[in-house]
Amino acid sequence: MAKSLFDELLEKPQRETAGSDSSSRFDYQRSWAFCEMLRRHMQSADYLVAFEFHDDTVFLSPSDAPTNVEFFQVKTSKSAKPRKLSDLTARRKEANSILGKMFQNFDGMCSSHAIRVILVSNVAFEFADTSVSAKDIAPTFRDKIKEKLTSEISKFSEANIDNLHFLVTGVSIESMHSYLHGEAMELFKTEFGEDHGLNVHSWVRLVQSEIVRKNNYDSDKVKTVNDLVSKKCIGKQAIDESLALISSQPKTLPNMALVFGELKEAGWSSQDLMRLDKRMPQAAADYSDSTNREVARIVLSLESLCQNGEITLATFVSEAEQAVLPGLPAPYNDRAYLAALTVMVYHEEI
């Protein structure tokens, strides 16, 4: 009887078990994996994701009895210079090269399973500035990969080069946090509509904490399929359940007719009012989220500006924009969002 893909993964010797590392590269790779989960979720794809198990991230499908596996290795650079092929094939003290390590993922895997290895980079490669399969790069680079891996791997199969892919994210280390939240907002729009009013940022933090927990679980302790799925993986079902949970939470907003009337009288344009209207549900959710410390600090700053109960809403919003907005971090450094949060504070303080 043929072994399942789960069984083959369990029997393979572990290569990477550095789950506890908390450097910026590991933060980036976890955030990128989260973004990839969001992308697949919006495409209604079935998936199961293992963190720090054989590689940085492993995507399996279908989730219940997978026959397809993708091993992702994530590399980041603070420099914008394209990544050179020589850096990917170089060996230090006879250790495996980056590509050599990736090709070890083919070992011990049944040919009936679809296997791909993907090198993810936040900057371009010298042979490609967009995502590409190794079979489609210039022959000189492809031949160099073949030459290097043939000398490095005793049982190297040239056919596996067709299953090697290079993915360019184009997202810098500094921008990944904002990029992830933007992708999450797109998912919520897809699932719940433009005016969902749900707390996207709180949900992102919830899933991130679960990813960290799975990532940091010692891979050497995984002995069974149940261990693998429950201790190291997150799948589409878990994301669906978390979305259902957060969508069931109540949402409250001030009387927006009164808000819009006063701001319009103070000179706000229709475009500004529409932007405010779009940000109100998120601001209301963040305002009521006791775990959101960043928003809590912003609220304290706003409350300190609202000591005078006679201040008008328009004046309060204007003063908040001048005093608070310049120092806000992403994703809160948005004029309309701050105005919406200011309205929430005003609504509670008057």
Side-chain angles (χ1 to χ4, degrees), residues 38 177-178 180-209 239 241-266 268-307 309 311-325 327-350:
L38 296 176
H177 176 80
S178 297
L180 169 59
H181 281 260
E183 291 295 286
M185 289 179 183
E186 286 302 314
L187 171 65
F188 272 59
K189 290 179 184 178
T190 301
E191 293 285 328
F192 306 115
E194 186 79 26
D195 300 322
H196 55 77
L198 300 173
N199 194 330
V200 180
H201 304 307
S202 179
W203 179 80
V204 168
R205 288 193 301 275
L206 173 68
V207 178
Q208 281 180 319
S209 65
I239 297 300
E241 290 173 352
S242 68
L243 290 172
L245 177 64
I246 199 168
S247 67
S248 66
Q249 297 175 351
K251 304 174 287 292
T252 58
L253 291 174
N255 186 323
M256 296 310 296
L258 294 176
V259 171
F260 292 152
E262 180 170 342
L263 292 178
K264 184 175 182 180
E265 187 175 328
W268 277 52
S269 67
S270 298
Q271 291 89 340
D272 287 336
L273 292 173
M274 291 176 66
R275 294 188 187 101
L276 173 64
D277 188 40
K278 288 183 177 180
R279 299 298 190 278
M280 281 304 306
Q282 183 64 59
D286 288 346
Y287 182 78
S288 60
D289 179 12
S290 61
T291 68
N292 194 327
R293 296 182 179 181
E294 288 180 284
V295 169
R297 285 192 289 268
I298 299 172
V299 168
L300 286 175
S301 298
L302 293 173
E303 288 174 346
S304 68
L305 292 176
C306 195
Q307 298 299 316
I311 189 173
T312 66
L313 173 61
T315 300
F316 183 37
V317 170
S318 177
E319 290 183 358
E321 180 177 337
Q322 295 176 25
V324 180
L325 183 61
L328 294 184
Y332 306 111
N333 56 346
D334 175 83
R335 179 176 180 266
Y337 175 84
L338 178 62
L341 193 60
T342 304
V343 169
M344 292 300 303
V345 173
Y346 189 84
H347 175 68
E348 295 296 324
E349 292 294 312
I350 58 174

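For Phe188 and Trp203, the ring centers sit closer than 6.0 Å to each other.
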Side-chain donor-acceptor pairs of residues 270-278 under 3.5 Å, sequence neighbours excluded:
residue	atom	partner	partner atom	Å
Asp272	OD1	Arg275	NH1	3.1
Asp272	OD2	Ser269	OG	3.2

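In this structure, Glu262 CD and Thr312 OG1 are separated by 5.5 Å, a value rounded to the nearest 0.5 Å. With values rounded to the nearest 0.5 angstrom, Leu325 atom CG is found 14.5 Å from Glu319 atom CD. Within the model, atoms CE of Met185 and NZ of Lys189 stand 8.0 Å from one another, a figure rounded to the nearest 0.5 Å. With rounding to the nearest 0.5 angstrom, the CG atom of Leu341 is 10.0 Å from the OG atom of Ser301. Considering CG of Leu187 and CG of Leu243, their distance stands at 5.5 Å, rounded to 0.5 Å. In this structure, the separation between CD on Glu265 and CZ on Phe260 is 15.5 Å, given to the nearest 0.5 Å.
Put simply, the side chain of Val259 does not reach to within 4.5 Å of the side chain of Asn255, judged on heavy atoms. Under the 4.5 Å side-chain criterion, counting only non-hydrogen atoms from C-beta, His201 is not in contact with Glu294. Looking at heavy atoms from C-beta onward, Tyr337 lies in side-chain contact with Val295 at the 4.5 angstrom threshold. Using a 4.5 Å cut-off on side-chain heavy atoms (C-beta onward), Leu338 and Ile298 make contact.
Glu241 is linked by a side chain to side chain donor-acceptor pair (under 3.5 Å) to Gln237, counting only residues two or more places apart in sequence or in another chain.
A donor and an acceptor atom, one from each side chain of Tyr332 and Asp286, are nowhere located under 3.5 Å apart.
Closest heavy-atom contact between Ala330 and Asn333: CA-OD1, 3.4 Å. Contact detail for Leu38 and Ala184: the closest heavy-atom pair is CD1-N, 3.6 Å. For the pair Val207 and Ser242, the tightest heavy-atom approach, listed with the atom from each and the gap, is CG2-OG, 4.5 Å. Here the closest non-hydrogen pair linking Leu263 and Ala314 is CD2-CA, 3.9 Å.
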Problem set entry | Derivation of the side chain to side chain contact (heavy atoms under 4.5 Å, CB included) call for Gln208 and Leu180 | CA-CA 11 Å; Gln208 281 180 319; Leu180 169 59; 3.2 Å; yes
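Panel note: side chain Gln282, backbone Val200; a donor-acceptor pair is recorded below 3.5 Å. Side chain of Tyr346 to main chain of Ile311: a donor-acceptor pair is present (N/O by atom type, distance under 3.5 Å, no hydrogens or angles). A distance-only check finds a donor-acceptor pair linking the side chain of Thr190 to the backbone of Glu186 [under 3.5 Å].
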